[in-house]
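The sequence lines fix the lettering, A, B, ..., with proteins before strands; numbering per chain opens at 1.
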Protein chains: 2
Amino acid sequence: MEKEITIYDIAKILGLSPATVSRALNDHPAINSKTKILINEKAIEMGYQSNTFASNLRRRRTNTLGVIVPRLNSNFMSAVLAGMEEEANISGYNLLISQSLESAKKEISNAKTMFNSRVDGLLASVAYDTDTFDHFESFIKKGIPVLFFDRIIDHPKCSGVVIDNVLAGFTATSHLIEKGCKRIMHVTGNLKRNVYSGRLKGYQDALLQNNLTASNELLMITDLSQEAGKYVAQKIDEMEIRPDGIFISNDICAVSCMKALKEKGYNIPDDIAVVGFNNDPVSQVIEPNLTTVYYPGQEMGKVAIRTIVNHLKGIQSIDVSDKIVLPSELIIRKSSLKEID
Amino acid sequence: MEKEITIYDIAKILGLSPATVSRALNDHPAINSKTKILINEKAIEMGYQSNTFASNLRRRRTNTLGVIVPRLNSNFMSAVLAGMEEEANISGYNLLISQSLESAKKEISNAKTMFNSRVDGLLASVAYDTDTFDHFESFIKKGIPVLFFDRIIDHPKCSGVVIDNVLAGFTATSHLIEKGCKRIMHVTGNLKRNVYSGRLKGYQDALLQNNLTASNELLMITDLSQEAGKYVAQKIDEMEIRPDGIFISNDICAVSCMKALKEKGYNIPDDIAVVGFNNDPVSQVIEPNLTTVYYPGQEMGKVAIRTIVNHLKGIQSIDVSDKIVLPSELIIRKSSLKEID
DNA sequence: ATTTGCATTGCAACCGATTGCATTAATTTT
DNA sequence: AAAATTAATGCAATCGGTTGCAATGCAAAT
């Protein structure tokens, strides 16, 4: 335990004022360059470390961005975070990260913590069951930018970085139709969330456009977990008229479903073609390899940080460009390539 | 943009002193309970939000823990982080997370940032090429606890949360031997890191104990990436005397190697048995399913946070229990089950 | 009636860096 | 040589809570 070295200590030793030391360390133009060198050398010699908190208090900013995600341990989310960290680091920002564990209550509590920590900006991907916007309102009121990503809230004051989920769902479904599927099932998550409702919309649009009817029996709302995948397979097995194609909103669930279907003796893709979502590593390991929608996680993280940092620097206001839409892409693999005769 | 509400505002309105307001909000025993209620109600009514920085500055602590990891986007690391966040959240700590991207230089820079941010404690898993300990020394000097996890540094002043890599390597290799392998290859990462050198040691011990010789030809040091897996398969294919078993220190690499071997026509496990490490989701998707070492990521994160928080609370000093060793477990699947006659 | 003790509350210094304004010294202009 | 600039530095207030010590008031003890 050693005492902290402050600018006062440096000032005293050099016979200067703390103000001069502070300015020298911040490379203020009014300070003589020789003095700057002198002070900087002394600072290093004495092992001076700036106290971020005193600085934050006075400057009224923290160089810290808050990030709230549903879960840290998903392949997609960790890619987003990796991108965010990389970009934030470049811009000199720190990341305060927390997870809501898909609970709106915890999300609200985390938002409050972030607020009290005086983050300069907030990035959020909302939980399954988030209904309200109030916990973000306090940020807006104070002029702290809030930017959503992936799972966004439909609220006029907030912008977000997303992919075109409707288009992605449309493309995925159209692909199945093209490959000869007539009875396509869709497995997705909580429809409160844009990502799932959007993909459903795309799925429905594609069916309509091809004169196929979307029946309730062919739509399953699940939590998209591994278990859900097995459950879906079970349900399919029990159906009287089975689907000949499935579009599942998440690779983990899709792969688990495929495994279960294979065990039950179904041939993929000939009996049932499958399309997933995310381009998770498992999609390239399952056999047949899973056709899926590539989802640019790392890029999304980078763009989100870049956008909010530019806003903070005053380079580009967020509110102008409301939604930033990143491209997604259907990656066609064998799980959807039926032998069409 | 609204003005901040401070304890001074509350004090003025209620005709009390800021000191009393501060104490009331912190539930100080000397304050009359009626006064507390009054102040708390007023605080809520006025929308008061505590300024963490002022508080931190005065209290000389931040309730923030720094975390430095090699990469955020690996399945294992995101599990660790998920566990950390969950546990930290419970204990009222925030997490400042950064990644070194396997670069010692960036790790040093990140450590400096953490130091200036006055984190109350530091958790670190070091980069591939970290050689020095200096960047952690400054924390120790100031009495800030540093706890390593998974990839630790061999330094008397620092403790860590780990698994028994030697034992895990020994168990994995012994299993292959038991299944009839006579010529076992080992693919691992940079031997500077305990995780890899430990597993290698266990591998060598197992060979020795069974009178098998460890030849240099059968040891490959790689970065354990997907590409490395393909490369390993290529090398094996080119060998005159091929191995009949491989122990690979990472599932991602192992799976990629298996895929490549299968494409080249090798039968797994009969031609070559494979054991991986991590119990990554892909290990349960590849066919045959990959025998691997389960590695308790989430638990490791939780334990690390719990340990450092207990230390900070003065409940249990870290230095006493030097290394916390979590159990790992060999999960046997089909990739290593040769048909023994 | 005086003293003692306890419960509350307030005063004022602090944490450490930042910054508007003033001051001093050095240099240039008139 | 005096005045006006310019350059460099210092003064002191500020950010908003926290906390050791003092002060006040009131009830209980002597």
Side-chain angles (χ1 to χ4, degrees), chain A residues 1-40 42-43 46-64 113 115-120 142-144, chain B residues 1-40 42-43 46-64 113 115-120 142:
Chain A
M1 306 268 188
E2 296 185 0
K3 61 184 183 312
E4 303 259 350
I5 310 288
T6 71
I7 53 169
Y8 295 91
D9 301 324
I10 300 175
K12 196 177 286 173
I13 287 191
L14 293 177
L16 292 166
S17 76
T20 303
V21 174
S22 170
R23 291 192 177 101
L25 293 172
N26 287 305
D27 205 22
H28 192 286
I31 303 297
N32 186 303
S33 52
K34 284 173 192 165
T35 314
K36 275 184 194 168
I37 293 171
L38 182 72
I39 290 176
N40 275 296
K42 202 71 188 176
M46 295 175 69
Y48 168 78
Q49 295 282 349
S50 157
N51 185 322
T52 311
F53 290 101
S55 172
N56 286 342
L57 176 59
R58 183 59 225 246
R59 284 193 156 127
R60 306 177 139 277
R61 68 194 167 110
T62 61
N63 276 311
T64 300
T113 305
F115 188 84
N116 286 352
S117 299
R118 299 292 196 276
V119 294
D120 290 344
K142 251 192 72 187
I144 300 171
Chain B
M1 308 267 187
E2 296 187 357
K3 61 183 185 312
E4 304 260 347
I5 309 289
T6 71
I7 53 168
Y8 295 91
D9 301 324
I10 300 176
K12 195 176 287 173
I13 287 192
L14 293 177
L16 290 167
S17 77
T20 302
V21 175
S22 170
R23 290 194 177 101
L25 293 172
N26 287 305
D27 205 21
H28 192 285
I31 302 297
N32 187 302
S33 51
K34 284 174 193 165
T35 315
K36 275 184 194 167
I37 293 171
L38 182 72
I39 290 176
N40 276 295
K42 202 71 189 175
M46 296 175 69
Y48 168 79
Q49 294 283 349
S50 156
N51 184 323
T52 311
F53 290 101
S55 171
N56 286 342
L57 176 58
R58 185 59 225 248
R59 283 192 158 130
R60 307 176 137 277
R61 68 197 166 104
T62 61
N63 275 312
T64 300
T113 306
F115 188 83
N116 286 352
S117 298
R118 299 293 195 276
V119 293
D120 290 344
K142 250 192 71 188

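With a 4.5 Å cut-off on side-chain heavy atoms, B:Thr52 and A:Phe53 do not count as touching.
A donor N or O paired with an acceptor N or O is found under 3.5 Å between the base of C:dC14 and the side-chain atoms of B:Arg58.
Contact check, A:Arg59 against C:dT18: a side-chain N or O comes under 4.0 Å of OP1 or OP2. Side-chain N/O atoms of A:Arg60 include none lying less than 4.0 angstrom from OP1 or OP2 on C:dT18. Side-chain nitrogen and oxygen atoms of A:Tyr48 include at least one within less than 4.0 Å of the OP1 or OP2 phosphate oxygen of C:dA17.
As rounded to whole Å, 16 Å separates atom P of D:dT14 from atom CD1 of B:Ile7. The CZ atom of A:Arg118 sits 9 Å away from the C1' atom of D:dG16 (whole-angstrom rounding). Between the NZ atom of A:Lys34 and the C1' atom of D:dA7 there is a distance of 13 Å, rounded to whole Å. Between B:Asn56 atom CG and C:dA17 atom P the separation is 15 Å, expressed in whole Å. Atom CG of B:Asn51 and atom P of C:dG16 are 17 Å apart (whole Å). Between the P atom of C:dC15 and the CG atom of B:Leu57 lies a distance of 9 Å, rounded to the nearest Å. Taking atom CG on A:Asp27 and atom C1' on C:dT19, their separation rounds to 16 Å, with Å as the unit. The distance from atom CZ of B:Arg61 to atom C1' of D:dT18 is 11 Å, rounded to the nearest whole Å.
Between the CG atom of B:Leu14 and the CG atom of B:Leu38 there is a distance of 5.0 Å, given to the nearest 0.5 Å. Remark: B:Asn26 CG to B:Lys36 NZ distance equals 10.0 Å, nearest 0.5 Å. Taken to the nearest 0.5 Å, the CZ atom of A:Arg60 stands 7.5 Å off from the CG atom of B:Asn51.
Within 4.0 Å of A:Ser22, counting heavy atoms only, lies at least one base atom of the nucleic acid. Nucleic acid contact for B:Phe53: none, since no nucleic acid atom lies under 4.0 Å from a heavy atom of the residue.
Along DNA chain D, the nucleotide closest to B:Asn26 and the one closest to A:Ala54 are compared, and the more 5′ of them pairs with A:Ala54.
Taking B:Thr64 as the reference, nothing meets the side-chain hydrogen bond (donor to acceptor under 3.5 Å, both in side chains) condition, with sequence neighbours excluded.
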Contacts under 3.5 Å, N or O only, protein and nucleotides 9-12 of chain C:
unit_1 : atom_1 : unit_2  : atom_2 : d
C:dT9  : OP1    : B:Thr35 : OG1    : 3.0
C:dT9  : OP2    : B:Asn32 : N      : 3.1
C:dT9  : OP2    : B:Thr35 : OG1    : 3.1
C:dG10 : OP2    : B:Ser17 : N      : 2.9
C:dG10 : OP2    : B:Ser17 : OG     : 3.1
C:dG10 : OP2    : B:Thr20 : OG1    : 2.5
C:dG10 : O6     : B:Arg23 : NH1    : 3.2
C:dG10 : O6     : B:Arg23 : NH2    : 3.2

